[in-house]
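Read the numbers this way: they start at 1 and go in the same order the structure lists the ligands and their atoms. Numbering starts at 1 and runs along the sequence shown. What you are looking at is a predicted structure, and each value in this text was computed from that prediction instead of being measured.
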Amino acid sequence: MLKIGVLISGRGSNLQAIIDACEKGEVPAQVAVVISNKADAYGLERAKKHGIPAVVLEPKDFKDKDAYEKEIIGVFDKAGVGLVCLAGYMRIVGQELLKKYQGKMINIHPALLPSFPGLHGQKQALDYGVKVSGVTVHFVDEGCDTGPVILQTAVPVLENDTEGSLSDRILEQEHKLYPMAVKLIAEGKLRIKGRKVQILK
Ligand code: GAR
């Protein structure tokens, strides 16, 4: 069965959605290990509650980004990880991880990419005044939220939305879309062709 390594920085609600979908048998995969770059990330507690090893690796304890990412790879290798999911991991991924997990590392972003990449995608959408925003799950490449798109869901922006209310409605969709994307990968149904991701029947 496909083993997933999840990288987090905080709350970990998308991690929870993936764990739940795997445990229910909806996704033929298993979360094998969770790594956080922050010691106080609540997602670590979520992992522990499910008996999943939860590891804190703080960048400040390493001489540079390469050394930090080599340590992550070491932990993932030991756990037999074949797919890396970034779930609210608020760091730009570097060369080591990119090299090792090309086509095997995915991310979720709270906007319809290529609109509103980077931080605070929901606030960027509100400030711009778009009527529709949403969620994107994509493969990770060397850019910031620029990799080939796997799945997207649209979420309407309502007249009286605040950053909080829009984020909540987007998050609801994130929790559906991320497990769906993991399922497609676990079932071997995705092919990357240049910028396009083909979904096989
Ligand atoms: C989610 O909304 C995710 O899309 C976003 O951070 C939140 C993490 O929540 N990620 C990004 O903005 C990445 N650029 P979670 O920790 O509860 O899953």
Side-chain angles (χ1 to χ4, degrees), residues 4-23 27 29 31 33-50 52 54-59 65 69 72 83-94 97-98 101 105-128 130 132-157 161-183:
I4 304 170
V6 184
L7 285 170
I8 61 166
S9 299
R11 181 177 57 183
S13 70
N14 279 290
L15 162 69
Q16 187 73 57
I18 295 169
I19 293 172
D20 291 346
C22 291
E23 286 190 351
V27 172
V31 178
V33 60
V34 173
I35 298 178
S36 172
N37 65 318
K38 299 239 179 313
D40 61 354
Y42 181 65
L44 293 163
E45 305 311 314
R46 296 180 189 268
K48 287 180 203 157
K49 274 186 203 153
H50 290 263
I52 298 166
V55 179
V56 177
L57 292 178
E58 293 186 291
K65 194 166 191 140
E69 294 196 340
I72 293 177
L83 173 69
V84 175
C85 292
L86 310 186
Y89 180 63
M90 297 307 189
R91 281 179 62 82
I92 303 277
V93 166
L97 283 172
L98 284 168
Y101 299 110
M105 181 159 53
I106 64 176
N107 179 46
I108 189 154
H109 183 75
L112 289 178
L113 293 170
S115 292
F116 315 126
L119 294 177
H120 312 297
Q122 306 94 330
K123 180 170 188 306
Q124 290 185 57
L126 268 184
D127 290 350
Y128 195 92
V130 292
V132 178
S133 191
V135 183
T136 303
V137 180
H138 63 93
F139 284 104
V140 177
D141 69 5
E142 60 289 343
C144 176
D145 299 323
T146 53
V149 170
I150 301 169
L151 293 172
Q152 292 186 301
T153 302
V155 175
V157 179
D161 260 335
T162 60
E163 186 182 354
S165 64
L166 179 59
S167 298
D168 286 349
R169 286 204 321 288
I170 288 177
L171 194 65
E172 231 176 87
Q173 297 306 317
E174 293 187 41
H175 296 163
K176 293 181 189 159
L177 206 68
Y178 215 171
M180 248 187 248
V182 174
K183 180 179 160 79

*Give a yes or no on whether a salt bridge exists between Glu45 and Lys48, defined as a side-chain N under 4.0 angstrom from a carboxylate O.*
yes
The protein heavy atom nearest to atom 16 (O) of ligand 1 is Gly12 N, 2.8 Å
Assess the residue pair Val135 and Lys176 against the criterion (side-chain contact (heavy atoms from CB on, under 4.5 Å)); give the C-alpha distance rounded to whole Å, side-chain angles, the decisive distance to 0.1 Å, and a yes or no. CA-CA 10 Å; Val135 183; Lys176 293 181 189 159; over 6 Å; no
Counting from 1 in the order shown, the ligand 1 atoms closer than 4.0 Å to a non-hydrogen atom of Ser13 are 15 (P), 16 (O), 17 (O), 18 (O)
heavy-atom search around atom 3 (C) of ligand 1 in the protein gives Glu174 OE1, 3.3 Å
- Item | Residue pair Cys85 / Val182, side-chain heavy-atom distance below 4.5 Å | yes
Taking only non-hydrogen atoms of Gly118 and a 4.0 Å limit, the atoms of ligand 1 in range are 14 (N)
- In sequence, state the C-alpha distance, the side-chain angles, and the governing distance for Val6 and Tyr89, and then conclude on side-chain contact (heavy atoms from CB on, under 4.5 Å). CA-CA 9 Å; Val6 184; Tyr89 180 63; over 6 Å; no
When every non-hydrogen atom of His50 is compared with those of Asp20, the smallest separation belongs to CE1-OD1, 3.9 Å
re atom 8 (C) of ligand 1, the protein heavy-atom contact at minimum distance is Gly88 CA, 3.6 Å
- Query: What's the verdict on side-chain contact (heavy atoms from CB on, under 4.5 Å) for Arg91 and Lys65, showing C-alpha distance, side-chain angles and the deciding distance?
  - Reply: CA-CA 10 Å; Arg91 281 179 62 82; Lys65 194 166 191 140; 4.2 Å; yes
the protein heavy atom lying closest to atom 9 (O) of ligand 1 turns out to be Arg11 NH2, 3.0 Å
Check your understanding: Could a heavy atom of Ile8 be found less than 4.0 Å from some atom of ligand 1?
Key -> no
A student checking ligand 1 against Pro110 at a 4.0 Å heavy-atom cut-off should list atoms 4 (O), 5 (C), 10 (N), 11 (C), 12 (O)
The protein heavy atom nearest to atom 14 (N) of ligand 1 is His109 ND1, 3.4 Å
- Task: Before giving the answer on side-chain contact (heavy atoms from CB on, under 4.5 Å), spell out for His175 and Asn14 the whole-Å C-alpha distance, their side-chain angles and the decisive distance to 0.1 Å.
- Result: CA-CA 6 Å; His175 296 163; Asn14 279 290; 3.5 Å; yes
| request: Run the contact test for Met90 against ligand 1 with a 4.0 Å cut-off on heavy atoms, strictly below, and give the result. | output: yes
